[in-house]
Amino acid sequence: MSPMLTRVEVALGARAYSVLNGSGCLPSLGSLLREHGLQHSNAFVLTNPQVGALYGASLEAALRQSGFQRVVFHEIPASEEGKNWEQFSQTCASLLHHFPDAGASPLVLLLGGGVVGDLGGFAAAVYRRGVPFVQVPTTLLAAVDSSVGGKVAVNFGGVKNIMGAFSQPRLVVCDLDTLRTLSPRELRSGAAEVIKYGAVCCGSLFADLEAGALERLLALDSETLVDVVTRCVRLKAAVVERDELDKLGIRNVLNFGHTIGHALELSAHYALTHGEAISVGMVAATHLAERLGVCEHGFLQRLEALLQRAGLPLRYSGHPELFEPMLRALQLDKKFRNGKNLFVLPVRPGEWQQMEDVPWPLVHEAMHAALS
Ligand SMILES: NC(=O)c1ccc[n+]([C@@H]2O[C@H](COP(=O)([O-])OP(=O)(O)OC[C@H]3O[C@@H](n4cnc5c(N)ncnc54)[C@H](O)[C@@H]3O)[C@@H](O)[C@H]2O)c1
Ligand SMILES: [Zn+2]
C-alpha cells in the first residue's frame, strides 16, 4: 500500500471497513480493492458527467489493471436535483440491464460527491437485497462526511433523504488530489461540515481551525488536507460505531445545523449548496442555544467568525418569503416527531446537547433572523 495513505477503521463487527485517504491513490484503486478482499470481475460505476469526465478514465484504467473485465458506467445529473426517485430508478434499471445474471453481480463504485454516494449507496443497498459497494468520494463534503457511516438515501415527496436505508460500504477510498478540481464554492461547502465537527464533536479541531488550519484547508495544503480529513473521518467513525442505526440519539450530533439547514435547502430549491444551508442552520441553532442559555458566552461569535472566514453565509438575507415554506419543511423533516423538531444545540466547542421541546416562538425568531 502507498505510504501516503491514512487508514481509519470503522469498527462495526461484521460490517467493519476501512476509510483510506491519500494523495494520488486513484490509480491504485484496483489493487486496494483486491487487498480488501473485493475480488469481483465486474464493476458498475455510478458518477455524474462532470466527475466522470475528470476521473472516469483513470478509475477505469485502475480497475482494468487489476483484472476487472466489465466496467459499466452510469451517470446521474450533477447537483441535488439528481438525488431523486427517478434517477434512483434509472440507476437500478441500468444495474439490472447490464447485470441480469446473479452470478456476475458487479462491485458498485460510487465516484463523486454526496449525491452520487447517497443515491448509489441506496441502489446498491436494495439491488438484489444488497450488493457490495465502495465509496470513492471526490468532494470535501463526501470525504469528511457522507461517504462514511452507511446512511444512503434519495429525496422524495419534497422531503430530504426520506427514502433510504442503512447500508455500510465495503471500503472508502478518497484520492485527496481529486479535491483540487473542486470549485471554490464546493470546497467551502465541505468546510461547513468540517466546522460542524469542530463545533460539536471536537474542541481541539475547532481551535486548530481558528488558529489557521481553516485557511490552509481551503488552500488545499496537502498536510492540512490529510490531517483534517482524517480527523473528521475518525470523529464520524466514532459516532457511527456507537450508534450505527441512529437509534440511541448519539448520531444526532451530526445533525447540528441540519434541522433549519435542511428546511432552508429545500425551501430555497437548492439555490444554496448543502454546506451553505448547513452554515446558516448552524448559526440559527446556535442562536437558539444562546436564547435558551445552554451555550457558552461568545460561542456564537466564534462560530460566525469561522464560517465567515470560510466564505460561508451566516444567513440567507432578503428572503422573508421563505419563512412559511421553511416552517412546512420543518414539519416534514425526518426527525420531526410528535409535533416537535429535534435541535442539536452547541454548548461549547466540542460539546452539545439535544432538545426536542424548543418553544416554537424561539424557532420562529431564529428563522426570521436567518432570513432577514
Ligand atoms: N449520507 C450522509 O451521511 C450524508 C452526510 C452529509 C451530506 N449528505 C448529502 O450529501 C449531498 C451533498 O454532497 P456534495 O456536497 O458532495 O454535493 P454533490 O454530490 O452535489 O457535489 C457537488 C458538486 O461538485 C461536483 N464535483 C464533485 N467532485 C468534483 C471534483 N473532484 N472536481 C470538480 N467537481 C466535482 C459535482 O459534479 C457537483 O456539481 C447532499 O445530498 C447531502 O444530503 C449525506
Ligand atoms: Zn450535512
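Residues: numbered from 1 along the sequence shown.
Not counting sequence neighbours, the partners of Glu365 by the salt bridge (Lys or Arg N to Asp or Glu O under 4.0 Å) test are Arg291. Partners of Arg15 by salt bridge (Lys or Arg N to Asp or Glu O under 4.0 Å), not counting sequence neighbours, listed by chain and number: Glu244. Residues satisfying the side-chain hydrogen bond (donor to acceptor under 3.5 Å, both in side chains) test with Arg34, not counting sequence neighbours, are none. Residues meeting the salt bridge (Lys or Arg N to Asp or Glu O under 4.0 Å) test with Glu186, sequence neighbours left out: none. With sequence neighbours left out, Arg128 forms a salt bridge (Lys or Arg N to Asp or Glu O under 4.0 Å) with no residue at all.
Judged as a ring pair (Phe, Tyr, Trp, His ring centres under 6.0 Å), not a single pair has a partner in residues 211-237 (not counting sequence neighbours). Evaluation of the side-chain hydrogen bond (donor to acceptor under 3.5 Å, both in side chains) test over residues 130-142, restricted to residues two or more places apart or in two chains, returns none. Residues in residues 132-175 take part in these ring pair (Phe, Tyr, Trp, His ring centres under 6.0 Å) pairs, two or more places apart or across chains: Trp85-Phe156. Evaluation of the ring pair (Phe, Tyr, Trp, His ring centres under 6.0 Å) test over residues 276-295, restricted to residues two or more places apart or in two chains, returns none.
Leu218 and Leu187 make their closest contact through O-CD2, 3.3 Å (heavy atoms, listed as atom of the first residue, atom of the second, distance).
A salt bridge links Asp227 and Arg231; the closest N-O separation between the charged side-chain nitrogens and carboxylate oxygens is under 4.0 Å.
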Return all side-chain donor-acceptor pairs below 3.5 angstrom for residues 101-125, not counting sequence neighbours, or 'none' if the list is empty.
from: Asp101; atom 1: OD1; to: Gly103; atom 2: N; distance (Å): 2.6
from: Asp118; atom 1: OD2; to: Lys83; atom 2: NZ; distance (Å): 2.9

Got a list of side-chain donor-acceptor pairs under 3.5 Å for residues 293-300, not counting sequence neighbours?
from: Glu296; atom 1: OE1; to: Arg348; atom 2: NE; distance (Å): 3.2

Could you pull out all donor-acceptor pairs under 3.5 Å where a side-chain atom in residues 302-312 meets a protein atom, sequence neighbours excluded?
from: Arg302; atom 1: NE; to: Glu210; atom 2: OE2; distance (Å): 2.9
from: Arg302; atom 1: NH2; to: Glu210; atom 2: OE1; distance (Å): 2.7
from: Arg309; atom 1: NE; to: Glu215; atom 2: OE2; distance (Å): 2.9
from: Arg309; atom 1: NH1; to: Glu210; atom 2: O; distance (Å): 3.0
from: Arg309; atom 1: NH2; to: Leu209; atom 2: O; distance (Å): 3.1
from: Arg309; atom 1: NH2; to: Glu210; atom 2: O; distance (Å): 3.1
from: Arg309; atom 1: NH2; to: Glu215; atom 2: OE1; distance (Å): 2.8

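Aromatic ring centroids of Tyr17 and His36 lie 6.0 Å or more apart. Separation of the His97 and His74 ring centroids does not fall under the 6.0 Å cut-off.
Follow the hydrophobic side-chain contacts under 4.5 Å out from Leu248 and you reach Val200 in the same cluster.
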From CA spacing to verdict: salt bridge (charged side-chain N to carboxylate O under 4.0 Å, His left out), Arg185, Glu276 | CA-CA 9 Å; Arg185 188 179 182 196; Glu276 287 165 353; 2.7 Å; yes
